[in-house]
Trainee: 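Could you have a look at this structure, given as structure tokens, before my questions?
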There are 2 protein chains.
Amino acid sequence: MSGMATRRSYGQFCGLAHALDVVGERWTLLIVRELAIGPKRYTELADALTGIGTSLLATRMRQLEADGVIERRLALDKPGSSVVYDLSEAGRELARAVIPLAMWGARHQMADVEFDEELFRAEWLLAFLAADVRNDLPEGLDAVYEFRIGASVAALHLHAGGTRVTPGPTETPADATIAAAPETVAALVGGRLELGEALTQGLLQADGDSAAVAALVGVIEKRLRALVPA
Amino acid sequence: MSGMATRRSYGQFCGLAHALDVVGERWTLLIVRELAIGPKRYTELADALTGIGTSLLATRMRQLEADGVIERRLALDKPGSSVVYDLSEAGRELARAVIPLAMWGARHQMADVEFDEELFRAEWLLAFLAADVRNDLPEGLDAVYEFRIGASVAALHLHAGGTRVTPGPTETPADATIAAAPETVAALVGGRLELGEALTQGLLQADGDSAAVAALVGVIEKRLRALVPA
DNA sequence: CAGTATCCCCCTCGATACTG
DNA sequence: CAGTATCGAGGGGGATACTG
């Protein structure tokens with residue numbers, strides 16, 4: 001029995017302090033982010049979280065499961081005895097609760113930091129796009145979008161029932177394909193470039209079903225507006 | 001020159017990762033919480049954050065100022081050469097962005113943890129009440145409420161222009177006084193007790209101007225409903 | 001694949017003592 | 001009051017080896 005570190009706690013009776021007792025340690029919220037994109041296996045997590053050690057990851061997963069944020073289960077659809085981690089209902093609530101913090105960070109990161117393609121994954125951007133749009137998607141929308149941001153590819157599945165993000169290229173052809181340079185994305189999120197401008201100048205290329213593209217543009221515009229604080 | 005630790009960074013191009021690079025270290029978000037209640041001096045912060053070392057606090061304040069989250073200034077209204085820390089505009093945005101996380105924590109803390117009066121400060125509760133009510137306060141509301149939760153006392157100032165929280169008893173008589181046992185508060189926030197029930201049973205006592213009390217009850221009810229996730 | 005088990009180094013944290 | 005200086009303990013992180 002190792003790894004059973006007695007967790008350090010603020011020991012205050014305050015919602016924020018308690019939240020930080022649970023998810024305030026290093027790497028923990030990034031694990032939640034990865035699982036918010038979709039269920040993942042141990043090695044997939046270890047890959048996504050470059051820099052974390054396998055030992056520490058195991059400890060965090062144990063803590064998160066004990067705290068009821070994530071659930072361990074066997075993936076029946078995958079080969080072998082593969083274990084899959086997924087967010088619990090409480091974990092999903094947490095993932096939603098963290099969105100405003102992520103938006104605050106995005107706002108300031110894009111303004112301050114130089115974009116580095118090596119450190120970027122398209123699914124992070126899409127997780128952000130997908131978040132909370134569930135409630136106001138256009139009626140009857142059902143489309144798959146493939147995004148190519150620099151070297152990173154991911155897909156956004158929008159349908160009335162909900163949204164889904166998958167890393168990598170789509171298996172079946174997407175309804176529309178969106179391509180942009182990382183710099184363009186940075187400029188958009190940083191507020192230095194208007195979406196309309198990016199489209200007319202061809203910096204952001206959207207090809208495919210025109211109705212699907214139009215719906216997506218609406219969603220993106222809504223999210224970009226949400227970046228500007230009230 | 002000490003304390004100039006090279007900060008560890010996730011180095012990912014992701015809003016959440018960047019937010020955590022800035023405020024993910026131990027104590028940092030609790031410092032923001034304290035300043036969200038109101039401007040504070042160094043020793044007031046050290047007192048409020050029981051357990052933090054003075055050295056570490058100094059380091060954190062330096063980092064937060066460098067990152068543009070807080071501002072240092074001289075308090076002209078206070079005696080001596082007193083320095084006061086306050087949130088910057090970015091810091092205020094951050095404080096707002098963190099509310100959902102605090103609510104998530106409150107929801108689970110009240111459900112799981114035994115209330116310990118020693119570890120509770122009424123101003124934490126009021127900061128939570130005051131957050132984001134700014135936009136939908138009743139017209140012409142202008143009242144001061146004194147809260148007595150167990151041994152802890154704090155005041156909530158509601159007026160059309162905004163809200164303010166002050167620790168300790170009010171200097172001038174409050175328009176209304178609210179008193180409750182910690183257990184009552186825990187039951188309310190944990191969803192095990194209805195506000196109406198608490199009032200009729202006398203578990204939550206509200207005395208003073210009846211219009212002011214009615215307005216407050218409306219605000220509290222709105223916040224309690226917000227605890228239940230969609 | 002999904003982890004556990006070590007070893008080692010260093011940084012971080014917490015506590016205390018001290019200073020202008 | 002507003003910090004700086006110092007030091008000990010331990011947690012975090014990388015590397016690697018090993019297991020079912």
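Protein chains get the first letters and strands the later ones, always in sequence-line order, with residue 1 at the start of each.
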Trainee: Nearest whole Å is fine: how far is D:dA2 P from B:Leu49 CG?
Mentor: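 To the nearest whole Å, that distance equals 14 Å.
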Trainee: Report which part of the nucleic acid A:Thr54 touches: base, sugar-phosphate, or nothing (heavy-atom distance under 4.0 Å, all strands).
Mentor: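 The residue A:Thr54 makes base contact.
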Trainee: Rounded to the nearest Å, what distance is computed from the CG atom of residue B:Leu20 to the P atom of nucleotide D:dG12?
Mentor: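 Result: 15 Å.
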Trainee: Could you tell me how far apart A:Met61 (CE) and C:dA2 (C1') are, to the nearest whole angstrom?
Mentor: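 Taking atom C1' of C:dA2 as the reference, CE of A:Met61 is at 11 Å.
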Trainee: Starting at the 5' end of DNA chain C and moving along, which residue's nearest nucleotide shows up first, A:Arg72 or A:Ser55?
Mentor: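 Looking at DNA chain C, the more 5' nearest nucleotide goes with A:Arg72.
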Trainee: May I have the distance from A:Glu44 (atom CD) to C:dG3 (atom P), rounded to whole angstrom?
Mentor: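 Between P of C:dG3 and CD of A:Glu44: 12 Å.
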Trainee: Heavy-atom nearest nucleotide on DNA chain D for B:Tyr42 versus A:Trp27: which residue maps closer to 5'?
Mentor: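 Going by which nucleotide is closer to the 5' end, it is B:Tyr42.
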Trainee: Checking B:Ser88 side chain against B:Val69 main chain: does a donor-acceptor pair fall under 3.5 Å?
Mentor: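 Between the backbone of B:Val69 and the side chain of B:Ser88 there is a qualifying donor-acceptor contact (under 3.5 Å).
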Trainee: Short question: side chain of B:Thr170, backbone of B:Glu146 - any donor-acceptor pair under 3.5 Å?
Mentor: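 Checked: no pair found.
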Trainee: Provide, to the nearest angstrom, the distance between the CZ atom belonging to B:Arg62 and the P atom belonging to C:dT12.
Mentor: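 Value for this atom pair: 13 Å.
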Trainee: From the options D:dG12, C:dC1, C:dT4, select the nucleotide whose nearest atom is closest to the side chain of A:Arg41.
Mentor: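 Among the listed nucleotides, the one closest to the side chain of A:Arg41 is C:dC1.
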Trainee: Between B:Arg26 and C:dG14, does any side-chain N or O lie under 4.0 Å from OP1 or OP2?
Mentor: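 Yes.
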Trainee: Could you check which of D:dT4, D:dG13, D:dG11 has an atom nearest any side-chain atom of A:Leu56?
Mentor: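 Given the options D:dT4, D:dG13, D:dG11, the side chain of A:Leu56 is closest to D:dG13.
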Trainee: With side-chain contact (heavy atoms from CB on, under 4.5 Å) as the criterion, how do A:Val144 and A:Thr172 come out once you've worked through the C-alpha distance, each side chain's angles and the decisive distance to 0.1 Å?
Mentor: CA-CA 9 Å; A:Val144 177; A:Thr172 59; 5.9 Å; no
Trainee: Between C:dA2, D:dC1, D:dG3, which one does the side chain of B:Tyr85 approach most closely?
Mentor: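 When the side chain of B:Tyr85 is considered, D:dG3 is the closest of C:dA2, D:dC1, D:dG3.
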Trainee: Would you indicate which nucleotide in C:dC13, D:dG3, C:dT6 comes nearest to any side-chain atom of B:Val83?
Mentor: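 Looking only at side-chain atoms, B:Val83 lies closest to D:dG3.
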Trainee: Could you state the atom-to-atom distance from CZ of B:Arg73 to P of D:dC1 in whole Å?
Mentor: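 These atoms are roughly 18 Å apart.
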Trainee: Should C:dG3 form a Watson-Crick or G-U wobble pair with both distances under 3.5 Å, which nucleotide is its partner?
Mentor: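 Paired with C:dG3, as far as the under-3.5 Å criterion goes, is D:dC18.
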Trainee: Would you confirm whether A:Ser152, through its side chain, and A:Arg121, through its main-chain N or O, come within 3.5 Å as a donor-acceptor pair?
Mentor: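 The answer is no, because no donor-acceptor pair under 3.5 Å joins these two groups.
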Trainee: Rounded to whole angstroms, how far apart are CD on B:Glu25 and C1' on C:dG14?
Mentor: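 So the CD-C1' distance, B:Glu25 to C:dG14, works out to 15 Å.
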Trainee: I need the CG-C1' distance between A:Leu57 and D:dG13, as an integer number of Å.
Mentor: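 Rounding to the nearest Å, CG of A:Leu57 and C1' of D:dG13 are 13 Å apart.
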Trainee: For the CG atom of A:Leu29 and the OH atom of B:Tyr10, what is their distance to the nearest 0.5 Å?
Mentor: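 Answer rounded to 0.5 Å: 7.5 Å.
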